[in-house]
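Structure first, then comments.
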Amino acid sequence: MLDLVASPHPFGAATLVDVATRRARIELAAASFLIVLAGLCLTSSALLNDPDTQWRIAAGRWAWTTGWVPETDVFSHTFAGAPWIAKEWLSQLLLYGAFALAGWRGVAFLAAIAIAG
C-alpha cells in the first residue's frame, strides 16, 4: 500500500504518474491535431469545393444581412418559395463569416479545424 503521508511530494507518487500520463496524452492529441490540420490545409483548394458549400455560404450571408433564417427557399429556381426548415443556420453563419473574413481559404481552414478536431 502506498503511504501518501510519507511521500516527499504533497500529492503522492501515484498522482505524479497520473499527471505525467495525462500530460503525455494531451501532448499526443495536440500533435495529432496539428498534423491533421497541416495536412488538410495543404489540400485546402480542393477541400469542400462543391456547390453545396457555396449554397450554405449564400444562405449564411442571407441570414446575416436580413437578421432572419429563411423559411422559404429563396435560392433555387425549381423550388422557389417552397417551405424550408433552416436547421443548419449556425453552420451557415459560421461558413459565411469565414468566407467574409478570408475568402475560400477561411472556409477551408474552418472545415480543416472541424475535421482535425
> Quick one: do Asp18 and Arg22 make a salt bridge, cutoff under 4.0 Å?
Replying inline: no
>> Count I, L, V, M, F, W, Y as connected when their side-chain heavy atoms are under 4.5 Å apart, and connections chain through other members. Are Leu93 and Leu101 then in the same cluster?
In response: no
>> How close do Ala98 and Leu110 get, counting heavy atoms only, and between which atoms?
In response: CB-CD2, 4.1 Å
>> Please report whether the ring centroid of Trp62 lies less than 6.0 Å from that of Trp84.
In response: no
> What's the spacing between Asp52 CG and Ile57 CD1 if we round to 0.5 Å?
Replying inline: 10.0 Å
> In this structure, are over 12 heavy atoms from other groups packed under 6.0 Å from Phe79 atom CZ?
Replying inline: no
> How about Trp64: does its CH2 atom have over 12 heavy atoms from other parts shown lying under 6.0 Å from it?
Replying inline: no
>> What's the separation between atom OG1 in Thr53 and atom CZ in Phe99, rounded to the nearest 0.5 Å?
In response: 11.5 Å
> Rounded to the nearest 0.5 Å, how far does OG1 of Thr72 lie from CD1 of Ile85?
Replying inline: 12.5 Å
> Should Leu90 and Trp68 be counted in the same cluster of Ile, Leu, Val, Met, Phe, Trp and Tyr side chains packed under 4.5 Å apart?
Replying inline: no
> Taking side chain as C-beta onward, heavy atoms only, is Arg56 less than 4.5 Å from Tyr96?
Replying inline: no
>> Tell me the closest heavy-atom pair linking Ala116 and Leu37, and the distance in Å.
In response: CB-N, 3.9 Å
> Between Ala63 and Val69, which heavy-atom pair has the shortest distance, and what is it?
Replying inline: CB-CA, 4.5 Å
